[in-house]
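Down below is the structure, laid out as structure tokens.
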Amino acid sequence: MEDRKVGRVIRASRVRLRMRQVDVEPIAQIDQTTMSLVEAGAISGLTVGVVRAAANAVGVTLDFEPRLRRGGDVARLLDAGHAQLVEAV
């Protein structure tokens, strides 16, 4: 996930809806300062719930997809644990 891109998309959607940051407050239940951080892409210190609330308030859906940094298949990683359990039985 690119933090700055997330912020830019959320801001663009809010502007398209002709909403001010303060208009998002009652919908997302976050303050204007937090919305400003989200739109700036400064989301590393925020919870996923806060960022999703900000996005949802302006009609943006955030899908988080786990990926392995060193490559590899997430499904295979999850299946490996299951395979070990089955072998133990």
Side-chain angles (χ1 to χ4, degrees):
M1 177 177 72
E2 298 175 34
D3 295 355
R4 293 193 70 181
K5 182 178 180 182
V6 168
R8 288 177 53 218
V9 169
I10 291 171
R11 182 183 187 285
S13 183
R14 177 184 59 76
V15 169
R16 176 183 254 177
L17 293 170
R18 295 191 170 120
M19 295 174 73
R20 299 169 299 161
Q21 288 180 339
V22 296
D23 298 329
V24 176
E25 285 185 50
I27 301 166
Q29 298 182 341
I30 60 172
D31 60 25
Q32 184 272 328
T33 302
T34 302
M35 188 63 180
S36 181
L37 289 171
V38 170
E39 290 184 0
I43 61 175
S44 62
L46 303 174
T47 67
V48 172
V50 166
V51 179
R52 279 191 170 163
N56 288 336
V58 296
V60 174
T61 302
L62 296 178
D63 296 321
F64 293 96
E65 191 70 33
R67 290 180 280 168
L68 300 173
R69 287 184 186 174
R70 296 181 184 222
D73 184 9
V74 171
R76 182 174 280 178
L77 174 68
L78 296 175
D79 288 341
H82 178 72
Q84 288 178 349
L85 179 64
V86 170
E87 287 179 20
V89 172

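Throughout, numbering of the chain's residues begins at 1 and tracks the sequence.
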Practice item. Would you mind reporting whether Arg20 and Asp23 have side-chain heavy atoms less than 4.5 Å apart? Key: yes

Exercise for review: Show the numbers, then the answer: is there a side-chain contact (heavy atoms from CB on, under 4.5 Å) between Gln32 and Glu25?
Suggested key: CA-CA 7 Å; Gln32 184 272 328; Glu25 285 185 50; 3.7 Å; yes

Sequence neighbours left out, cut at 3.5 Å: what donor-acceptor pairs do the side chains of residues 41-63 make with other protein atoms?
from  : atom 1 : to    : atom 2 : distance (Å)
Thr47 : OG1    : Val50 : N      : 3.1
Asn56 : ND2    : Arg52 : O      : 3.2

Review point. Quick one: does Glu39's side chain get under 4.5 Å of Gln21's, heavy atoms only?
Key: yes

Point to revise | Shared hydrophobic cluster for Val22 and Ile10 (ILVMFWY, side-chain gaps under 4.5 Å) | key: no

**Study point:** Spatial distance of atom OG (Ser36) from atom CZ (Arg11) [nearest 0.5 Å]
**Key:** 9.5 Å

**Study point:** Heavy-atom pair with the smallest gap, counting every atom of Met19 and Ile27
**Key:** CE-CD1, 3.6 Å

